[in-house]
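Residue numbers start at 1 and run along the sequence shown.
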Amino acid sequence: MTKKTGGQIVCEGLLKQGVDTVFGIPGGAILPLYGSLSQFPDLRHILVRHEQGASHAADGYARITGKAGVCFATSGPGATNLITGLATAMMDSSPVVAITGQVARPGIGKDSFQETDITGATLPVTKHSYLVMDPKDLARVIKEAFYIATTGRPGPVLIDIPRDVFAESIDFDDSIWDEPIDLPGYHPPTIADFKDVKSAAKLIDSSKKPVILAGHGVIISHAYRELKDLAEKCQIPVVTTLLGISSFPEDHILSLSFPGMHGVAWASLALHEADLIIAIGSRFDDRITGDTKRFAIRSKKIHIDIDPAEINKNIKIDVPLIGNVKDVLNQLNPIVEQKTHQDWVRTIEQMKADHPSLRIKETDDLLGQHVIKAIFEETEGKAIVVTGVGQHQMWAAQHYHFYTQNSWVTSGGLGTMGFEVPAAMGAQVGKPDHNVWSIAGDGGFQMTMSELATIVENNIPVKFAIMNNNHLGMITQWQELFFDKDYQANSYTANPDFVKLANAYGMKSRRVERQEDLKDAINEAEEHPGPFLIDFIIKKEENVYPMIPSGQSVEELMEEPI
């Protein structure tokens, strides 16, 4: 037995869980934990400028490393500022552990200064939450929190700790770190029922026009090889969800990019014409299905997912395979027959010819599509790309071709503007030897641009590409197409000079207004050893196509008028 404070136990527990970096901001209730940090030099703390930045950075770190990302915040407003980041992580199944300070135990429930019931407030946006009232429970809770966050369907877990629990000293037995975790009722599935696996194999063997819909679950379970083996053995074309991008190499002959509201037309059409859809780690979200009554009505459907709640939630499934994607594919792949599907592949090639979704119209204007294409060409498809939400996100998904595994990070389910700056910071910290590009719209960038200070302070070499059209681009597009051009609250007339702003933070930057300057600017950013910002002045009003209007089907597909 040794005497340890609650703060020391927390820091030691983080190191025991393999944590090397924490993103956070101190405050009164969590200050005793910060008082322990100096005793644990292997625990790097990055001081962010806003708690939302801490939670997004932890999320970006988690997605790119596969480990739980960790963030700290104090009680009250510090804790509530984490909520958007926790909701983003929850929707996209990202493992984040948030540790918040709480007012001292005697003050709980008395409207004390900076008191908020954060476990109650985060109940809908976390996988689990803890309020630790006894320092003797800290070690067990930390172990459980990381286990819950990273197993099964990953997600965020919050640990709320009163100030006096951090400060209290107790007799601590180090052997507790080696004790097994016991969580009755929590048993994430691994392999699927073999009768269901055989039923799925029969459907695959008999199909003439199969399509694989690969989702984020492929990336989470590291099932890249297994997905590729199934696709190649049975010659099945692969479309990915938005979050499934980079689960299958886009230079592969069977790759069809992504479908849905702004996906390429041939991917949506392939799903529409298929006689079998094999959904792998995807939840059939509304941006892909549109009108569920008209989605892929010609096809049987196999759904592989670790979360039983997703089965039949949005789309009726013929064969459910509940288990970890990697394990289930290892059950399925050996028993399916080798196929060619030459006629089906030729049909899809004709779809590509009939619907050239990724062509860029000829114009002297600088378009967002030109910028993404140039970044792709100069980075040779090897960068990690992190985006916010809006037109820039869709152009990046369309025109950057992802050749390497897990190289795309974006906010999918929640659609969080402002995700792109701090999440890129977290991704770069998680993979310091990789090239990270943050692609943003001028609107979303301004929501979290204070983290530029954090990035400069820590010399985190993220490259920033701002698609600057002084508009909330997707809002403008919808108002044009669906609200009779009734433009309201869609444009910015007082954007800052982003080049001067970056310089004010001590970051190198430049502005690009012409297509012919793209290559030089991107190469300058690439060659600079630190962070670099490029303000791309793009055409003010330019729509993203193809487009399937919300709640509609591929039958209402809108393609760019040429």
Side-chain angles (χ1 to χ4, degrees), residues 6-7 9-11 13-14 17 19 21-34 45 48 50-63 67-105 108-109 114-135 137-163 165-166 181 183 186 413-414 416 422-423 426:
I9 294 168
V10 170
C11 291
L14 294 178
Q17 295 299 321
V19 176
T21 305
V22 174
F23 303 89
I25 302 179
I30 202 170
L31 208 53
L33 175 59
Y34 277 80
H45 181 274
V48 297
H50 192 285
E51 290 88 357
Q52 183 177 343
S55 53
H56 287 325
D59 188 351
Y61 176 97
R63 296 195 203 202
K67 303 194 304 180
V70 180
C71 53
F72 287 173
T74 196
S75 64
T80 59
N81 282 342
L82 294 176
I83 290 178
T84 297
L86 295 177
T88 302
M90 184 68 175
M91 288 287 281
D92 291 349
S93 304
S94 181
V96 170
V97 174
I99 297 176
T100 53
Q102 183 54 273
V103 300
R105 285 170 287 187
I108 292 177
Q114 290 193 330
E115 182 191 2
T116 296
D117 176 10
I118 195 61
T119 54
T122 59
L123 185 64
V125 296
T126 54
K127 192 174 176 184
H128 195 65
S129 296
Y130 292 91
L131 172 60
V132 184
M133 297 293 281
D134 189 332
D137 294 329
L138 282 170
R140 173 185 58 80
V141 166
I142 289 168
K143 290 165 58 180
E144 289 179 4
F146 278 84
Y147 180 71
I148 292 169
T150 57
T151 57
R153 181 176 183 173
V157 175
L158 179 130
I159 308 173
D160 194 34
I161 305 173
R163 175 188 171 97
V165 172
F166 283 127
I181 293 171
L183 291 173
Y186 180 70
L414 196 65
T416 307

Open item on the list: The test is side-chain contact (heavy atoms from CB on, under 4.5 Å); show your working for S94 and T88 and say whether it passes.
Closed with: CA-CA 8 Å; S94 181; T88 302; over 6 Å; no

- [ ] Would you please test V96 and Y61 for side-chain contact (heavy atoms from CB on, under 4.5 Å) and show each step?
- [x] CA-CA 9 Å; V96 170; Y61 176 97; over 6 Å; no

Open item on the list: Checking Q102 against I161 for the side-chain contact (heavy atoms from CB on, under 4.5 Å) test, could you report, in this order, the C-alpha distance in whole Å, the side-chain angles of both residues, the deciding distance, and whether it holds?
Closed with: CA-CA 5 Å; Q102 183 54 273; I161 305 173; over 6 Å; no

Open item on the list: Please evaluate residues V19 and V97 with respect to the criterion side-chain contact (heavy atoms from CB on, under 4.5 Å), reporting the C-alpha separation (whole Å), side-chain torsions for both, the decisive distance (0.1 Å), and the verdict.
Closed with: CA-CA 10 Å; V19 176; V97 174; over 6 Å; no

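Between F23 and H56, a ring centre-to-centre spacing not shorter than 6.0 Å is recorded.
For P95 against P154, the heavy-atom pair with the smallest separation is CD-CB, 3.9 Å.
Using a distance-only test at 3.5 Å, with no hydrogens or angles considered, a donor-acceptor pair links the side chain of R105 to the main chain of M133. Not a single donor-acceptor pair under 3.5 Å links the side chain of R163 to the backbone N or O of G101. Of the possible donor and acceptor atoms, none in the side chain of Y147 sits under 3.5 Å from a partner among the backbone N and O of L183. With hydrogens and angles disregarded, a donor-acceptor distance shorter than 3.5 Å links the side chain of D117 to the backbone of G120. At least one donor-acceptor pair closer than 3.5 Å links the side chain of D92 to the backbone N or O of G413. Using modelled atom types, no side-chain atom of Q17 and backbone atom of F146 make a donor-acceptor pair closer than 3.5 Å.
Residues that satisfy the salt bridge (Lys or Arg N to Asp or Glu O under 4.0 Å) test with K127, not counting sequence neighbours, are absent from this structure. With sequence neighbours left out, T100 forms a side chain to side chain donor-acceptor pair (under 3.5 Å) with D160. Take H50 and apply the ring pair (Phe, Tyr, Trp, His ring centres under 6.0 Å) test, not counting sequence neighbours, and it matches no residue. Partners of E144 by salt bridge (Lys or Arg N to Asp or Glu O under 4.0 Å), not counting sequence neighbours, listed by chain and number: R140. Qualifying ring pair (Phe, Tyr, Trp, His ring centres under 6.0 Å) partners for F166, counting only residues two or more places apart in sequence or in other chains: none.
From I99, atom CD1 reaches atom CD1 of I30 across 7.0 Å, with rounding to the nearest 0.5 Å. Here CG of L138 is found 8.0 Å from CD1 of I159. Values are rounded to the nearest 0.5 Å.
Sorted by first then second residue, the side chain to side chain donor-acceptor pair (under 3.5 Å) pairs that include residues 72-86, not counting sequence neighbours, are E51-N81.
Ring geometry for H45 against F72 counts as tilted: the plane angle lies between 30° and 60°, on a 0 to 90° scale.
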